[in-house]
Every structure is written in structure tokens, then in C-alpha cells.
2 protein chains.
Amino acid sequence: MSTCIVSTETIGEKLRSIRKDKELTLRKVASLLDIDFAILSKMERGERRITKEVVLKLADIYKYDAEALLVLFLSDKILFEIQDEDLGIEALKVAEERAKFVKANKKK
Amino acid sequence: MSTCIVSTETIGEKLRSIRKDKELTLRKVASLLDIDFAILSKMERGERRITKEVVLKLADIYKYDAEALLVLFLSDKILFEIQDEDLGIEALKVAEERAKFVKANKKK
DNA sequence: ATACATGTTGACATAATGTGTCAAAATTAG
DNA sequence: CTAATTTTGACACATTATGTCAACATGTAT
């Protein structure tokens with residue numbers, strides 16, 4: 001059996017597992033974020049949308065790689081858009097080409 | 001100068017150019033779609049969200065490759081999610097790996 | 001120029017969705 | 001058991017999306 005490179009975790013699940021590792025409670029972290037702990041609970045379980053700002057604050061609170069969390073956060077949003085579309089992967093490739101094109105042509 | 005493979009057109013712009021090629025009016029196409037022509041106008045210009053259903057109906061009306069339009073439609077939505085994020089392209093790659101993983105592991 | 005077809009824009013009411021707050025119920029740990 | 005933690009749902013409110021419509025602008029032909 002090989003180690004799985006691709007994470008099957010959503011950003012919410014990832015944030016939860018990090019919080020557990022740090023042995024922090026929802027109440028504690030939520031208070032640091034200045035939000036209701038019920039909302040954080042729902043964010044971790046994918047019932048409420050997570051914002052970029054929350055991800056960055058949690059990266060800071062948990063002392064965790066912010067870029068890695070942001071990439072997971074963004075890929076979550078991307079995957080949500082293609083859901084179970086048969087053409088999802090092809091659309092991802094086209095999107096990547098278009099993104100590269102935009103990046104290469106944008107002025108500083 | 002080389003031909004550009006990557007389309008810089010949005011799905012709306014593409015649908016408009018197809019309609020122009022077919023020499024159809026907003027009013028005519030909108031009536032076939034059973035929607036107000038003002039909405040179709042806004043969809044073509046990116047002011048209103050386009051649904052998958054509308055894309056498929058237009059592919060039928062225009063006798064245009066539905067898959068190609070769907071891929072453009074989906075890539076539009078994907079690009080909207082990553083907007084001008086620095087980590088956008090990396091997130092796209094991660095999303096693609098995750099999508100492939102899901103596809104490979106899903107039961108029939 | 002008028003007359004007519006086409007396309008754009010904004011206002012408006014309504015529908016749908018998202019958000020914060022809270023409390024009760026459920027779960028877990030000691 | 002008690003206590004801490006988490007989950008769930010209800011609710012009011014805000015934000016956003018949607019359909020309808022009319023006014024305005026543009027273009028074309030005669």
C-alpha cells in the first residue's frame with residue numbers, strides 16, 4: 001500500500017483535524033475568531049461557507065502553513081463548481097490554460 | 001504569429017458570437033428559450049448568471065457542440081472562483097488531482 | 001428626417017440564499 | 001452521574017438572485 005498524495009479532506013475537515021491536533025475546543029477557537037462556535041462547527045463540517053479571511057486567521061492561530069490551507073480552500077471551491085460533471089476534469093484543464101494565459105498577459 | 005489555442009472568450013461572449021453568426025436576434029432566441037430578451041442580453045454580457053440548462057438549450061438552438069460550450073461554461077465558473085488569486089493555478093492543479101481521485105474511486 | 005427593428009440599462013417587487021444569534025438536544029469525557 | 005463539548009434546528013435579518021417591465025439608445029432602411 002502506498003501513501004496517498006492527494007488529500008481527500010475538505011478544507012473544513014482539514015481545519016478540524018488541525019484543531020484536534022492542537023487540542024483546542026470550538027469555543028476557544030471561535031472566541032479567537034470572534035464568531036459563534038456553532039458557526040465554526042458548521043464550517044468544519046461544510047454546512048457553512050468558509051471565507052478566505054477565516055482560513056488565514058486559523059492558519060495564524062494554528063501556526064499552520066497558510067498557503068497550503070488557501071490552496072485547499074480554493075480547490076474546494078473549484079471542486080464544488082464542477083461537482084459531479086462528466087466534463088469537470090476537461091473544464092479544469094481549460095480553466096488552467098485560460099488562467100495561465102491571463103497571468104502571462106496581465107500588466108504589473 | 002501563431003493561432004491562439006486558448007480562448008479568451010467567456011461563455012457569454014461565445015454565445016453572442018455564435019448567435020451573430022446565425023444572424024438571430026435576442027428577441028428570437030429568447031422566445032425560443034422562453035425567457036425575457038433583456039435577460040439573454042445580460043447573460044451574453046456577463047451581467048446575469050447563465051445556467052447549465054440555458055447552455056444546453058442554446059447548443060440545441062444553434063446546432064453547436066454542446067460539450068464544448070459546457071466546458072467553456074464550467075471553466076468560466078472555475079475561473080470566477082479563483083479570480084485573481086496568486087495561488088489560483090496551484091489550486092487548479094490540486095483540484096484536478098482531487099477530481100481524478102474521486103473519479104477513480106467512485107462506484108458505478 | 002421618420003419608422004422600425006434591435007439592443008442596453010435601470011427600476012421594481014419578489015424569491016432564494018446566506019448570516020448571526022441563540023437555545024435545546026446529543027455526544028463525549030472524566 | 002456531572003460537566004464540557006459539539007450538533008442541530010429555529011428564527012430574524014441581510015444580502016443576493018430572479019423575472020418583469022419600460023425607458024432609452026443604437027442602428028438601418030426608405
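No experiment lies behind these values; they were computed from the predicted model shown. In what follows, chains are A, B, ... by sequence order, proteins preceding strands, each numbered from 1.
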Matching residue for A:L56 among A:L70, A:T51, A:I61, A:L69 - test: side-chain contact (heavy atoms from CB on, under 4.5 Å):
A:L70
Spell out protein contact along nucleotides 6-22 of chain D as letters: B when the base is contacted, S when just the sugar-phosphate is, - when no protein heavy atom is under 4.0 Å; keep the 5' to 3' order.
BBBB-------SBBBB-
What one-letter contact string describes nucleotides 25-30 of chain C from 5' to 3', where B marks a base within less than 4.0 Å of any protein heavy atom, S marks contact via sugar-phosphate atoms alone, and - marks no contact?
------
Under the side-chain hydrogen bond (donor to acceptor under 3.5 Å, both in side chains) test, residues paired with A:K103 that sit two or more places apart
none
Tell me, with the steps shown, if B:R45 and B:S41 meet side-chain contact (heavy atoms from CB on, under 4.5 Å).
CA-CA 6 Å; B:R45 287 173 298 106; B:S41 169; 2.9 Å; yes
For residues B:I18 and B:L58, determine if any side-chain heavy atom of one lies less than 4.5 Å from a side-chain heavy atom of the other.
no
With A:L15 as partner, the option from A:T10, A:V29, A:I50, A:L40 fulfilling side-chain contact (heavy atoms from CB on, under 4.5 Å) is A:I50
Provide, to the nearest angstrom, the distance between the CD atom belonging to A:E53 and the P atom belonging to C:dT19.
12 Å
So, for A:E44 and A:L26, which heavy atoms are closest and what is the spacing to 0.1 Å?
OE1-CD2, 3.6 Å
Not counting sequence neighbours, which residues clear side-chain hydrogen bond (donor to acceptor under 3.5 Å, both in side chains) with A:R48? List them please.
none
Do the side-chain N and O atoms of B:R98 and A:T8 include a donor-acceptor pair separated by under 3.5 angstrom?
no
Compute the angle between the rotation axes at the two ends of the helix from C:dA1-D:dT30 to C:dG30-D:dC1, each taken over five pairs, rounded to 10 degrees.
30°
With heavy-atom distances below 4.5 Å as the criterion, would you say the side chains of B:K14 and B:Y64 are in contact?
yes
Other hydrophobic cluster members with A:I78, side-chain heavy atoms of Ile/Leu/Val/Met/Phe/Trp/Tyr under 4.5 Å, chained?
A:L79, A:I82, A:L92, B:I78, B:L79, B:I82, B:L92
